[in-house]
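Right, one structure below, let's go through it.
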Number of protein chains: 2
Amino acid sequence: MAFQMKDRRHTDPPLAADCCPGALARVSCRSCALNTLCLPARLSPQEARIFDGVVERGRQLASGGSLIRAGTRMDALYVVRSGSAKRYSVSLNGTERVHGFVLPGETAGLEGFACDRYACEVAALEPTSYCRIPLTRLEPLLDHLPGLRREMLRLLGEALDESLRLRAELGMCDARGRVARFLADLSRRLELRGLSPTQFRLSMSRGDIARHLGLTLETVSRALGTFKRSGWLEVRARYITLLRPEALASMGGYAA
Amino acid sequence: MAFQMKDRRHTDPPLAADCCPGALARVSCRSCALNTLCLPARLSPQEARIFDGVVERGRQLASGGSLIRAGTRMDALYVVRSGSAKRYSVSLNGTERVHGFVLPGETAGLEGFACDRYACEVAALEPTSYCRIPLTRLEPLLDHLPGLRREMLRLLGEALDESLRLRAELGMCDARGRVARFLADLSRRLELRGLSPTQFRLSMSRGDIARHLGLTLETVSRALGTFKRSGWLEVRARYITLLRPEALASMGGYAA
DNA sequence: ATCTGCACTTGACACGGATCAAAGATCATG
DNA sequence: CATGATCTTTGATCCGTGTCAAGTGCAGAT
């Protein structure tokens with residue numbers, strides 16, 4: 001459970017969604033802590049109930065564990081329930097590019113619709129639990145649940161939009177602007193999940209952030225150092241405290 | 001009709017799809033020159049026939065004309081039939097970011113599924129004709145045509161995948177590599193459409209290419225100059241002749 | 001408690017591409 | 001065909017970021 005500020009290290013309090021690990025496999029979407037964010041959030045009650053029946057819950061992954069392997073046949077969608085993961089791809093020469101980070105309630109594997117194979121690796125950045133939605137069970141549902149169909153299109157559209165927006169925004173600001181944008185975006189997403197938008201732990205390394213933003217890890221480190229000296233935030237290892245979020249947000253510039 | 005080498009200027013020979021402008025509005029997808037590339041290409045004959053009925057054909061746009069306005073309500077998908085267009089967005093400070101170029105048979109407006117509004121501007125780069133597929137007619141079809149449903153998911157997945165891949169590839173090569181990749185990609189797509197992969201006219205300006213690749217127009221111009229001096233291609237204004245496509249392709253590196 | 005490895009920070013330097021500036025080519029117009 | 005507007009090329013300079021190289025601090029292992 002990253003993304004939660006802790007006074008003492010190594011005593012991560014559990015997130016709501018997995019406070020009772022034994023019950024995980026039995027719980028329904030309706031009683032899940034993420035039900036306002038997750039895939040079934042916009043379905044009608046009846047649709048949500050039917051959808052509920054096809055979700056495989058309670059799967060766990062250790063830090064570094066692989067959720068999706070690039071190139072394998074697409075057979076399911078995955079929704080992170082607690083913890084976090086990174087989506088990335090590895091080029092022929094071995095360099096890694098991080099496409100994004102998957103937070104609780106977010107879906108991975110969507111790009112597999114392109115050619116029935118996953119294009120990205122997805123790996124846990126910390127102990128992570130997730131739900132699996134097998135396509136063989138999802139597909140038939142699309143016949144009779146127009147809401148679910150719309151939701152699938154919406155999810156894909158959103159992923160596309162986010163990817164375009166990311167490219168646009170990163171493309172036109174310098175290194176510090178990119179890091180600022182990254183922090184502001186993360187802060188916003190954590191707040192959506194009921195976590196503190198100003199105090200959190202980064203589950204990803206500086207290198208991951210760098211490979212996500214198209215920078216080097218040294219440059220990311222320097223950007224954080226600059227923000228720290230400016231009094232905009234505090235950094236201690238992966239623990240971040242935002243002191244002047246507005247400053248970061250304005251610098252990262254959610255430019256439409 | 002750009003993307004076709006001409007000996008004399010201003011005498012653009014028409015593409016197959018619109019050789020008889022008067023007949024445009026009546027023609028069906030089956031008899032369209034793009035039918036192996038376009039949206040209905042993977043539908044069963046019956047499905048394709050039904051889909052045919054909802055397509056509004058024969059729409060025309062002058063160079064610079066607007067196909068989609070960002071922020072307006074999403075009410076249709078658009079498929080370019082002849083000519084070409086650019087997808088772009090304009091930030092608050094007025095800077096423009098080009099997300100990509102739409103070639104005949106390619107679909108624009110997909111990102112609108114995210115929130116029922118288009119996120120990108122799409123504008124013709126030359127006299128362009130296109131088909132419009134209204135959502136009000138498309139939606140009901142999804143109930144009964146599983147092939148069309150799959151095709152929609154595939155289209156969105158492909159757009160997502162392409163966006164991710166673009167970011168990954170551009171992110172890790174220098175200016176010349178990006179321009180090389182751009183040319184190699186364009187060449188490939190032109191060949192798919194039965195046009196010459198080695199001789200073509202760029203319908204977009206150097207500035208458009210630059211804003212697409214995250215460079216300045218001067219840098220794009222210099223990259224082309226370098227390739228020219230290396231004997232890899234010939235450039236005369238917007239007319240390109242690739243002399244050593246392999247060199248460009250290897251430089252652009254379709255790195256998986 | 002000390003060692004070892006890993007992630008991160010900090011510094012020095014070089015280089016690619018942005019920026020500014022100006023000239024040259026091409027296209028649209030009358 | 002001449003003219004002005006726009007697009008493109010080319011040159012000079014500067015800055016930001018990548019690269020290389022130490023050095024620091026924390027965490028788990030011995």
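Values in this document were obtained by computation on a predicted structure and should not be read as measured data. A, B, ... follow the sequence lines: proteins, then strands. Residue 1 opens every chain.
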If I take atom CG in residue Leu125(A) and atom P in nucleotide dA7(C), what distance separates them, rounded to the nearest angstrom?
13 Å

Counting C-beta onward and ignoring hydrogens, is there a side-chain heavy-atom pair between Leu125(A) and Ser63(A) closer than 4.5 Å?
no

Sequence neighbours excluded - side chain to side chain donor-acceptor pair (under 3.5 Å) pairs with any residue from residues 221-232 of chain B
none

Expressed as a whole number of angstroms, how long is the span from Leu215(A):CG to dG16(D):C1'?
11 Å

Figure out the CZ/C1' separation between Arg236(B) and dG24(C), and round it to whole Å.
16 Å

Distance check needed: dG17(C) P versus Leu170(B) CG, whole Å only.
13 Å

Output the rounded distance in Å from CD (Glu126(A)) to P (dA27(D)).
16 Å

Using whole Å, report how far CG of Asp174(A) lies from C1' of dG17(C).
14 Å

Applying side chain to side chain contact (heavy atoms under 4.5 Å, CB included), name anything that partners Ala175(A), two or more places apart in sequence or on another chain.
Leu215(A), Thr219(A)

Report each atom pair, protein N/O against N/O of nucleotides 8-11 of chain D, whose distance is under 3.5 angstrom.
unit_1, atom_1, unit_2, atom_2, d
dT8(D), OP1, Arg238(B), NE, 3.1
dT8(D), OP2, Arg206(B), N, 2.9
dT9(D), OP1, Arg206(B), NH2, 3.0
dT9(D), OP2, Arg206(B), NE, 2.8
dT9(D), OP2, Ser221(B), OG, 2.6
dT9(D), O5', Ser221(B), OG, 3.1
dG11(D), N7, Arg222(B), NH1, 3.0
dG11(D), O6, Arg222(B), NH2, 3.3

Taking the side chain as every heavy atom from C-beta outward, state whether Val80(A) and Glu106(A) have any atom pair closer than 4.5 Å.
no

The helix from dA1(C)-dT30(D) to dG30(C)-dC1(D): angle between terminal helix axes, five bp per end, to the nearest 10 degrees, reads 40°

Output yes when a side-chain donor or acceptor of Arg211(B) lies under 3.5 Å from a complementary backbone atom of Val98(B), and no otherwise.
no

Kindly write out the residues that satisfy side chain to side chain donor-acceptor pair (under 3.5 Å) with Arg132(B), not counting sequence neighbours, or none if the list is empty.
Glu56(B), Asp75(B), Tyr78(B)

Got a salt bridge between Lys86(B) and Glu121(B), using NZ or NE/NH1/NH2 to carboxylate O under 4.0 Å?
no

Would you please name every residue forming a side chain to side chain contact (heavy atoms under 4.5 Å, CB included) with Leu37(B), sequence neighbours left out?
Leu34(B), Leu192(B), Arg193(B)

Atom pair distance, as rounded to whole Å: CZ in Arg211(B) and P in dA18(C):
13 Å

